[in-house]
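Below, read A as the first sequence line, B as the second, and so on, with proteins coming before strands; counting in each chain starts at 1. Note that this is a predicted model, so its numbers are computed, not measured.
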Amino acid sequence: MVEYSSPNTNKPLHLGHLRNNFLGWSISEIFSASGYNVHKVQIINDRGIHICKSMAAWKLFGNGETPQSSGLKGDHLVGKYYVKFDQVYKEQMASMDPKADPEKNAPIMKLASEMLIQWEAKDPETISLWKIMNGWVYEGFDKTYQRMGVDFEKLYYESNTYLLGKEEVLKGVESGVFFKKDDGSIWVDLTNDGLDQKVLLRSDGTSVYITQDIGTAILRFRDFPKISRQVYTVGNEQEYHFKVLFLILAKLGYSWAKECYHLSYGMVDLPTGKMKSREGTVVDADDLMQEMVNDFAEETKQRGKIEELSEAEQKELFEMGGIGALKYFLLKVDPKKRMLFDPVESIALQGHTAPFIQYTHARIRALIRKADTMQLDMGSLSISSLEPLERDVLLVITQYPQKLAEAAREYAPSVIANYAYDLAKGYNQFYQSIAIFTETDASKLKFRIAFSQVVADLLKKSMWLLGISVPEKM
RNA sequence: GGUCCGGUAGCUCAAUUGGAUAGAGCAUCAGCCUUCUAAGCUGACGGUUCGGGGUUCGAUUCCCUGCCGGAUCACCA
């Protein structure tokens, strides 16, 4: 089982989510290709103070605005009010007496806090607004996920799972795994494991973040009894959290705890500094994808090689190239490492990019189409000697199984991304120096055609593992 | 302060897990389309692999130490 994504429902998806989603999807494919039966799941953070902030601002300033009335995508509309909240909140705090604890008592924050309490008390009006606004967000997310090309077998909602785990914790107290402090709060002592003590239930008996994760982990193994491993695709800022979680699950006696793995990936930095959603210095996922597709489209039109394609085929190609370039850019780097996203330079379509590999594939396919018209007998293939460049490519071809195994072992799609590049690069060298159709030796000619087809198939397969399609023409 | 991650060409990244002269792309410069798609190919330029020790026949890789950058250590999620 692979978990990825985990968005908050108060704002649209951004660049950070793209790395997460593409990684999660790719890892799932890599494991599928390695013979595993993979279940893709995500958990949606649909409750909490963050969504109440958007709700509060909408209630105060929204004037009944909806996605239909505004023409805005649902998640963007809700995100707009989240930003609005922050803006108003700051203004209110600035105008208040510092002694009055403005952080808590700013009117708009008080409203959001009240809404959270009302939500937990199942107040009908609050629940209704919450459902409506989350509904808008899901409509928006659906479009974004569709364009990203990611999907999920099962969705978990925090509003359903946030109370889970409490019983497990109480059971743990009885069996002596956890302990209770005088104020009634419940803790786990991990000092023997080199960590600290960690609270599991507040003194008022309510759950914290990790309580919920204990519950969902157990729930997952109940929902999917056959799974042997659970992979959490979550940023490396939560490494401590998962270390604690897995230790707790082991202490509770779950034998599968050692099969839980945190696929921890680094942040995506922007040249100006790191991404901070609160300050608005994020790159919106929808905008970015659109930009990439536009750039690719423009570049392609300039080259003028696709006039014979229909409008629909062209559109499909632009999508393939633009989204592909973006995915490749985010996946070619080792997931563990933080990486830099330069909005200007990252849009490159030459060199070590998806379009380079897609182009190599398209060129081979053109070659194969030509060969098909020659009606060669491909049944009998024999070759006595290889050119050095052919030998080089052949060597890369045979590396595929090792690379796939390595990618699965290291949880690293980057291994596949770099492999596809090496293969394309090697083939291009061969392609450039050896003209195939001028070859007079029939067995050599047939070998080169078959050999090219193998490369095309392998490029297609590798790129598929990254969630990237390859075109017949470009 | 404790813990964890990272530091490789001007920039972005590789390096078969300890192997031979550390490789690609971008950028810069010089070449290659009458021939299967030039989003390509060839060449040049570019390195004290952060510094200092150590282990080893051999270290970008392992150990120690220092420096720099980041994350994390909430009765937040």
Side-chain angles (χ1 to χ4, degrees), chain A residues 6 8 43 45 47-51 158 162 181 183-187 190 194-213 235-244 264-267 269 271 274 296 299-300 302-306 321 325 329 332-334 336-342 344-346 348-371 374 389 395 399 402-403 406 409-410 414-415 417-419 421-422 424-425 427-439 445 448-449 452 473-474:
Chain A
S6 56
N8 290 341
I43 183 148
N45 304 312
R47 55 137 241 136
I49 192 69
H50 53 270
I51 178 68
E158 195 197 349
Y162 82 109
K181 286 196 176 171
D183 62 5
S185 55
I186 292 172
W187 295 71
L190 297 172
L195 304 175
D196 290 325
Q197 296 188 346
K198 183 93 186 168
V199 70
L200 301 178
L201 281 180
R202 299 192 185 95
S203 48
D204 64 7
T206 55
S207 318
V208 292
Y209 178 47
I210 196 152
T211 324
Q212 176 197 153
D213 266 359
N236 61 10
E237 69 274 8
Q238 292 202 38
E239 261 166 25
Y240 184 79
H241 171 76
F242 282 102
K243 215 178 272 182
V244 171
S264 161
Y265 61 89
M267 288 186 138
D269 288 330
K274 50 183 179 174
F296 183 85
E299 189 73 26
T300 305
Q302 271 181 20
R303 292 174 196 274
K305 294 181 185 175
I306 54 156
F329 179 82
K332 75 175 175 186
V333 181
D334 182 343
K336 290 196 297 283
K337 295 193 176 177
R338 56 189 299 140
M339 62 179 296
L340 185 77
F341 180 85
D342 185 326
V344 182
E345 301 210 352
S346 301
L349 304 171
Q350 278 117 351
H352 192 177
T353 65
F356 171 87
I357 297 165
Q358 290 169 323
Y359 177 71
T360 304
H361 178 268
R363 237 173 20 175
I364 297 175
R365 291 300 305 157
L367 210 145
I368 300 298
R369 282 193 297 274
K370 183 171 178 183
M374 298 168 70
L389 285 171
L395 184 68
Q399 283 172 349
Q402 294 157 241
K403 293 292 180 179
E406 189 188 340
R409 190 177 67 240
E410 305 289 330
S414 56
V415 171
N418 288 314
Y419 172 76
Y421 177 71
D422 289 342
K425 185 82 184 163
Y427 182 83
N428 281 338
Q429 288 166 354
F430 156 78
Y431 176 93
Q432 208 75 215
S433 68
I434 299 172
I436 291 176
F437 291 111
T438 53
E439 178 59 58
L445 172 63
R448 282 173 191 162
I449 290 166
S452 298
K473 295 175 185 174
M474 72 181 272

Please report, rounded to the nearest Å, how far the [atom2] atom of [N] is from the [atom1] atom of [X].
| X | N | atom1 | atom2 | value |
| --- | --- | --- | --- | --- |
| A/Lys198 | B/C76 | NZ | P | 11 Å |
| A/Met339 | B/G25 | CE | P | 19 Å |
| A/Arg338 | B/C13 | CZ | C1' | 16 Å |
| A/Phe329 | B/U12 | CZ | C1' | 7 Å |
| A/Tyr419 | B/U16 | OH | C1' | 13 Å |
| A/Gln399 | B/U17 | CD | C1' | 15 Å |
| A/Asp422 | B/G25 | CG | P | 11 Å |
| A/Ile210 | B/C73 | CD1 | C1' | 13 Å |

Set of salt bridge (Lys or Arg N to Asp or Glu O under 4.0 Å) partners for [X], sequence neighbours left out:
| X | result |
| --- | --- |
| A/Glu239 | none |
| A/Asp422 | none |
| A/Lys370 | none |
| A/Glu406 | none |

Less than 4.0 angstrom from a charged side-chain N to a carboxylate O is my criterion; do A/Asp204 and A/Arg202 meet it?
no
Do any N or O atoms of the protein come closer than 3.5 Å to N or O atoms of nucleotides 27-31 of chain B, and which pairs are they?
none

Interatomic distance at [atom1], [N] relative to [M], whole Å:
| N | M | atom1 | value |
| --- | --- | --- | --- |
| B/C63 | B/U55 | C1' | 7 Å |
| B/G66 | B/A59 | P | 24 Å |
| B/U37 | B/C11 | P | 39 Å |
| B/A77 | B/U72 | C1' | 15 Å |
| B/G54 | B/C13 | C1' | 30 Å |
| B/G51 | B/C67 | C1' | 7 Å |
| B/A27 | B/C36 | P | 27 Å |
| B/A44 | B/C4 | C1' | 43 Å |

Mate of [N] where both pairing distances stay under 3.5 Å, Watson-Crick or G-U:
| N | value |
| --- | --- |
| B/U3 | B/A71 |
| B/U16 | none |
| B/A30 | B/U42 |

Is the shortest side-chain N/O distance from [X] to OP1 or OP2 of [N] below 4.0 Å?
| X | N | answer |
| --- | --- | --- |
| A/Arg202 | B/C76 | yes |
| A/Lys336 | B/C4 | no |
| A/Lys337 | B/G70 | no |

Syn or anti for B/U17, please, going by whether the chi angle lies within 90° of 0.
syn
Where the chi angle of B/C4 falls, syn if within 90° of 0 and anti if not
anti
First encountered from the 5' end of RNA chain B, between A/Thr353 and A/Phe430:
A/Thr353
Given that A/Tyr421 and A/Ser414 both sit by RNA chain B, which one's nearest nucleotide is further toward the 5' end?
A/Ser414
Not counting sequence neighbours, which residues clear ring-ring contact (aromatic ring centres under 6.0 Å, His included) with A/Phe430? List them please.
A/Tyr427, A/Phe451
ring-ring contact (aromatic ring centres under 6.0 Å, His included) filter on A/Phe437, not counting sequence neighbours, yields none
At under 4.0 Å between heavy atoms, what does [X] touch on the DNA or RNA strands: base, sugar-phosphate, or nothing?
| X | value |
| --- | --- |
| A/Leu445 | nothing |
| A/Glu158 | sugar-phosphate |
| A/Arg409 | base |
| A/Glu410 | base |
| A/Asp334 | sugar-phosphate |

For the residue pair A/Phe341 and A/Phe329, categorise the inter-ring angle as parallel (less than 30°), tilted (30 to 60°) or perpendicular (more than 60°).
perpendicular
I'd like to check A/Tyr240 versus A/Lys198 (side-chain heavy atoms, cut-off strictly below 4.5 Å). Are they in contact?
yes
Closest listed nucleotide, where the reference is the side chain of [X] and the choices are [options]:
| X | options | result |
| --- | --- | --- |
| A/Glu239 | B/C4, B/C13, B/C36 | B/C4 |
| A/Phe437 | B/U17, B/C36, B/U72 | B/C36 |
| A/Lys243 | B/A14, B/U17, B/C4 | B/C4 |

Can a side-chain donor-acceptor contact be found between A/His50 and A/Asn45 if the only test is distance below 3.5 angstrom?
no
Go along nucleotides 37-46 of chain B 5' to 3' and tag each nucleotide: B for a protein heavy atom under 4.0 Å from its base, S when only backbone or sugar atoms are that close, - otherwise.
BSBBSS----
Does anything in residues 354-369 of chain A form a salt bridge (charged side-chain N to carboxylate O under 4.0 Å, His left out)? List the pairs, not counting sequence neighbours.
A/Arg365-A/Glu472, A/Arg369-A/Glu472
Considering non-hydrogen atoms only, spot the tightest contact between A/Asn418 and A/His352 and give its length.
OD1-CE1, 3.2 Å
